[in-house]
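Worksheet for the structure shown next.
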2 protein chains.
Amino acid sequence: MIKKMTLEEIGKLAGVSRSTVSRVVNRQPDVKAEVRERVMEVIRETGFVPNSAARSLATQRSGILGLVIPRSVATFFGDPYFARLTQGITQACNARGYMLSLFLFHSNNDEELLLPRLSQGSFLDGVIVQATRDDDPIIPQLMKAALPFLVVGRLNTMPEGVSFIDVDNVSGAYKAVEHLINLGHERIAHITGSLDNRASLDRLIGYKNALAAHNLPVDENLIVDGAFTEDGGYEATRDLLPHQPDAIFAASDIMAIGALRALKDAGLQVPNDVAVVGFDDLLSSYQTEFALTTIRQPILRFGVSAVEVISDIIENGNTPPRQKIYDTELIIRETCGARQ
Amino acid sequence: MIKKMTLEEIGKLAGVSRSTVSRVVNRQPDVKAEVRERVMEVIRETGFVPNSAARSLATQRSGILGLVIPRSVATFFGDPYFARLTQGITQACNARGYMLSLFLFHSNNDEELLLPRLSQGSFLDGVIVQATRDDDPIIPQLMKAALPFLVVGRLNTMPEGVSFIDVDNVSGAYKAVEHLINLGHERIAHITGSLDNRASLDRLIGYKNALAAHNLPVDENLIVDGAFTEDGGYEATRDLLPHQPDAIFAASDIMAIGALRALKDAGLQVPNDVAVVGFDDLLSSYQTEFALTTIRQPILRFGVSAVEVISDIIENGNTPPRQKIYDTELIIRETCGARQ
DNA sequence: CAAAGAATTGGGAGCGCTCCCAGTTTTCCC
DNA sequence: GGGAAAACTGGGAGCGCTCCCAATTCTTTG
């Protein structure tokens, strides 16, 4: 069991003052090399780590970032999206010396109780918030507090002056559909995610844009909601089959898997009878049964980038607001038929 | 934008001293009702929240718990197990007023750099650590630091005096297999998880115990490693089929899904030709294609309980070490055939 | 060799809170 | 109504650190 030391005590052991030890700990230049070495030695021997509360109090900085998952999306926390995002964020935090504090709101009550503590207690230097429903009070509340924050994803209508990072869902969907069109498909169906969600909406727009750009008609019978679940994708595909699509673009890989399964059960060949393209490319590690062509979102880099942006905001203020949109990448595997 | 206030300033506004405001904020009894009300009013108006660094410095308590995912298991972070566990933990943290700090170690370097800061900086009141490989240095390091901690899961050989909570994998597996035996099955196969893992090992023991208790032979051909993945379960099942099992107990639901798929592809009926039982019951929300009989682990409650135990240790010390083992529950659905 | 300048070091003050103790006010009871 | 006890309140000290400024030591240079 290691005794907790103070700067003062370390100083005594090394025969210098509190201030000098502080300089050594904080890597400030004005210390004679020989003295620095002596102090470092004592620090090494004692395993001294400065008290973070005292440091925060003195510097008005905590070195802690918050990751806030609002109530309205906390139920999706099991989604691999969050796992990856969190991995990216922690990776970047570790690299930059930030600690990460996780706020998963389960109830209204949680939000009401925690939000003020979180935004006012000067416990956090900045916050990364997952985008939520437009009418969620979190973002307005965060704006009122003088706390730097960054939204990951977007709302349908984004308040003025808010920093965010997001993926270009419109162009991602466009790429997927254009790829199918280039392969000669004409009756391209779309399985959407839940449409209360900006990402789903954007992917739908991209789908329609691509059809329009290639003079293909939009057939509403070929657009079905799959609710972002595998079963939803399965059911949607069953509904789609009577309308004879020759390709399906699913707004998520999970739904694409459901679609593939439905096609298999219906005795259809992929990609010969029906081609399939998904969206996300988050599943690769879990699911290799199908070699799914998909649109890759760089979620890991996304998390890393979130930390970079928020720390930029912390250092330099939120003007102008940072608004970054990441590109997606078409990953061609086998379900689209391009590899035959 | 709300100005950050101090106790002193709130006191001035309410016409009382710093100390009285402190008493009100901390719900101490010795304040006249009328004064208390006046102070509360000012706090409400100003949205005052006490500075947490100052409070931590004075009380030597941070109100923050750490959740540590060691490097050797961080790659599994996408597993729904962690999502659920984290949900349970955050839920309990929110309820008890703790903040949660997440440490996901990605590299050796992360561990070496962060562990001392984490255990010595008096930044955390206590730590919940996911169990890891036996030779991982985290637990020994945590023992050396004077920081309360609790292990979730178990190592193969658990150091003396360490507190942990775990699920009774042996009896869970026993229940699953006994259920199959009671249904009249005799050639019961077992798809194991990765065997470098205590949980897999324990489930294997439970499987063997149940066979032994009912005088059934252990046939090594009926025991195959499925590596905790769906594909692993699929492959394992293909390897199993030549040995004609009449039932399969998979050590995780994911592997059970793989098994079901393999059986389907082989043209076998479930449960008539082969019965299947899984383990976990964590997938229900994602996957409803098969009504899988399984052994439920109460992971959510597990997370909640972790917070309770660690805060008990924080308050009352780690003697005697807390060691709790949670029971599992057999969930009978359709793949076992009990419902026919 | 002295004076000026640069490099290094030490110590006071203060960050905002809690805790303790010494007042001060109120209440109670004979 | 007076004294003791109870209830309440205020202010000093201190938590361990950083930041600033003054003091000291070491270099340089004319």
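Just so you know, these numbers come straight off a predicted model, no measurement behind them. When reading the values below, keep in mind they use all heavy atoms of this one structure, side chains included, and skip hydrogens, waters and symmetry mates. Chain letters run A, B, ... following the sequence lines, proteins first and then strands; every chain starts at 1.
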Inset, instruction - Test for a donor-acceptor pair under 3.5 Å between the base of C:dT8 and the side chain of A:Arg23, counting only N and O atoms. - result: no

Inset, instruction - Tell me what A:Asn51 touches on the nucleic acid: a base, only sugar-phosphate, or nothing, going by heavy atoms under 4.0 Å. - result: sugar-phosphate

Legend entry - Whichever of B:Thr59 and B:Glu8 has its nearest DNA chain D nucleotide further upstream toward 5': B:Glu8

Inset, instruction - Compare side-chain N and O positions of B:Gln60 against OP1 and OP2 of C:dT18 and report whether any pair is under 4.0 Å apart. - result: no

Legend entry - 5′-ward residue of the pair A:Lys32/B:Lys32 relative to DNA chain D: B:Lys32

Legend entry - Option passing salt bridge (charged side-chain N to carboxylate O under 4.0 Å, His left out) with A:Asp166 (candidates A:Lys324, A:Arg322, A:Arg154, A:Arg198): A:Arg154

Legend entry - Nearest-neighbour nucleotide for the A:Ser19 side chain, D:dT9, C:dG11, D:dG16 considered: C:dG11

Legend entry - Touch class at under 4.0 angstrom, heavy-atom based, for B:Thr20 against every strand present: sugar-phosphate

Inset, instruction - Identify whether the distance between the nearest side-chain nitrogen and carboxylate oxygen of B:Asp110 and B:Arg71 falls below 4.0 Å. - result: no

Legend entry - Pair B:Arg44 + B:Glu37, salt bridge at N-O below 4.0 Å: yes

Legend entry - Out of C:dC17, D:dG11, D:dC19, whichever nucleotide has its closest atom nearest the side chain of B:Leu7: C:dC17

Inset, instruction - Please confirm whether any donor atom in the side chain of B:Ser17 sits under 3.5 Å from an acceptor in the base of D:dG11, or the reverse. - result: no

